[in-house]
Amino acid sequence: ELKVEQNPLFLSMQEGKNYTIYCNYSTTSDRLYWYRQDPGKSLESLFVLLSNGAVKQEGRLMASLDTKARLSTLHITAAVHDLSATYFCAVDPSNRDDKIIFGKGTRLHILP
Amino acid sequence: EAQVTQNPRYLITVTGKKLTVTCSQNMNHEYMSWYRQDPGLGLRQIYYSMNVEVTDKGDVPEGYKVSRKEKRNFPLILESPSPNQTSLYFCASSPFEAGGPDTQYFGPGTRLTVL
């Protein structure tokens with residue numbers, strides 16, 4: 001059974017600091033997704049990573065994928081309050097179906 | 001405007017009373033999916049569909065039904081709702097890219113309470 005684990009689940013950090021959210025998964029994967037959810041809102045796509053070594057960046061967020069380690073990271077550079085949200089990774093496992101498994105999410109609170 | 005719509009947005013019902021939550025997308029996406037979101041559990045996939053007349057179970061399909069008669073619509077049916085189906089439900093759609101679902105576009109959510 002595929003498991004997707006995010007660390008940490010809660011993170012409180014100061015503006016201007018850097019931090020990384022980790023997403024480990026237990027089986028091979030065709031693709032990995034990162035989403036953001038603001039309180040009381042729906043989910044918004046951030047990145048889709050398709051291959052080993054893939055790196056994507058948007059503003060202060062950068063995501064990378066290491067398929068050999070079954071690990072993706074979401075790095076936040078010089079955090080600002082607007083990045084406060086819950087971040088989810090999700091995995092499409094490498095099998096014949098296209099089920100998608102989400103991690104439990106990382107609630108990020110950035111203090112001004 | 002490209003979007004995924006869900007109706008109703010809020011619903012309070014009683015145990016055993018059949019209900020349907022509609023989901024529609026206007027982006028001609030092949031892949032559609034239903035999730036439920038519960039505190040501490042993240043999102044769990046209920047059912048998904050890779051195309052018209054093709055549906056498959058996600059991780060938590062028990063107590064739910066779906067159909068995909070048209071590409072744009074993917075209704076979620078609860079034949080006999082129970083209190084443990086009280087949750088926040090999201091519909092999502094995505095195109096198929098490189099042989100799999102690409103980024104998903106989520107609807108606004110339906111908050112369901114079953115008394």
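The chains referred to below are lettered A, B, ... by the order of the sequence lines, with proteins before strands, and numbering in each begins at 1.
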Highest number of heavy-atom pairs under 4.5 Å with chain A among B/Gly40, B/Gly100, B/Gly42 belongs to B/Gly100
One should read off an interatomic distance between B/Asp38 CG and A/Lys104 NZ, to the nearest 0.5 angstrom, of 11.0 Å
| query | Mind checking whether B/Tyr48 and A/Ile100 have side chains closer than 4.5 Å, heavy atoms only? | reply | no
Item to complete: Determine whether A/Leu11 and A/Val4 fall in the same hydrophobic cluster, where Ile, Leu, Val, Met, Phe, Trp and Tyr are linked whenever their side-chain heavy atoms lie under 4.5 Å apart.
Response: yes
- Message: When you compare the side chain of B/Asp56 with that of A/Lys99, does any pair of heavy atoms fall below 4.5 Å?
- Response: no
Under 4.5 Å to a heavy atom of chain A? For B/Pro108 that would be backbone
Looking only at B/Gln45, B/Lys57, B/Arg111, the option with the highest number of non-hydrogen pairs under 4.5 Å against chain A is B/Gln45
Linking I/L/V/M/F/W/Y whenever any side-chain heavy atoms sit under 4.5 Å apart, do A/Tyr19 and A/Leu9 land together? no
The interface call for B/Tyr105 against chain A, heavy-atom contacts under 4.5 Å, is neither
Inset, instruction - State plainly whether one hydrophobic cluster holds both B/Met32 and B/Tyr89, where clusters connect Ile, Leu, Val, Met, Phe, Trp and Tyr through side-chain heavy atoms under 4.5 angstrom apart. - result: yes
Within the structure provided, determine whether B/Glu97 and A/Leu50 are in side-chain contact (heavy-atom separation under 4.5 Å). no
Turns out that what part of A/Phe47 lies under 4.5 Å from chain B's heavy atoms comes down to neither
Original post:
Quick one: do A/Val48 and B/Phe90 end up in the same hydrophobic cluster if we chain Ile, Leu, Val, Met, Phe, Trp and Tyr together by side-chain heavy atoms under 4.5 Å apart?
Top reply: yes
Is the CG atom of A/Leu71 crowded by more than 12 outside heavy atoms at less than 6.0 Å?
yes
Turns out that what part of A/Gln37 lies under 4.5 Å from chain B's heavy atoms comes down to side chain
Exercise for review: Report, as yes or no, whether the 6.0 Å neighbourhood of atom CZ on A/Arg70 holds more than 12 heavy atoms from other residues, nucleotides or ligands.
Suggested key: yes
Cut-off 4.5 Å, heavy atoms of chain A, and the answer for B/Tyr47 is neither
Kindly work out whether a path of hydrophobic side-chain contacts (I/L/V/M/F/W/Y, heavy atoms less than 4.5 Å apart) joins B/Met50 to B/Leu76. no
Honestly, the part of A/Leu46 sitting under 4.5 Å from a heavy atom of chain B is neither
What one should report as the nearest heavy-atom pair of A/Tyr33 and B/Pro101 is OH-O, 2.5 Å
Output for pair (A/Asp98 CG, B/Phe96 CZ), nearest 0.5 Å, gives 4.0 Å
Interface check, chain A: of B/Ala92, B/Gly107, B/Ser33, most non-hydrogen pairs under 4.5 Å belong to B/Gly107
Exercise. Might you work through the side chain to side chain contact (heavy atoms under 4.5 Å, CB included) test for B/Leu43 and A/Tyr35, ending with a clear yes or no?
Key: CA-CA 11 Å; B/Leu43 274 82; A/Tyr35 292 92; over 6 Å; no
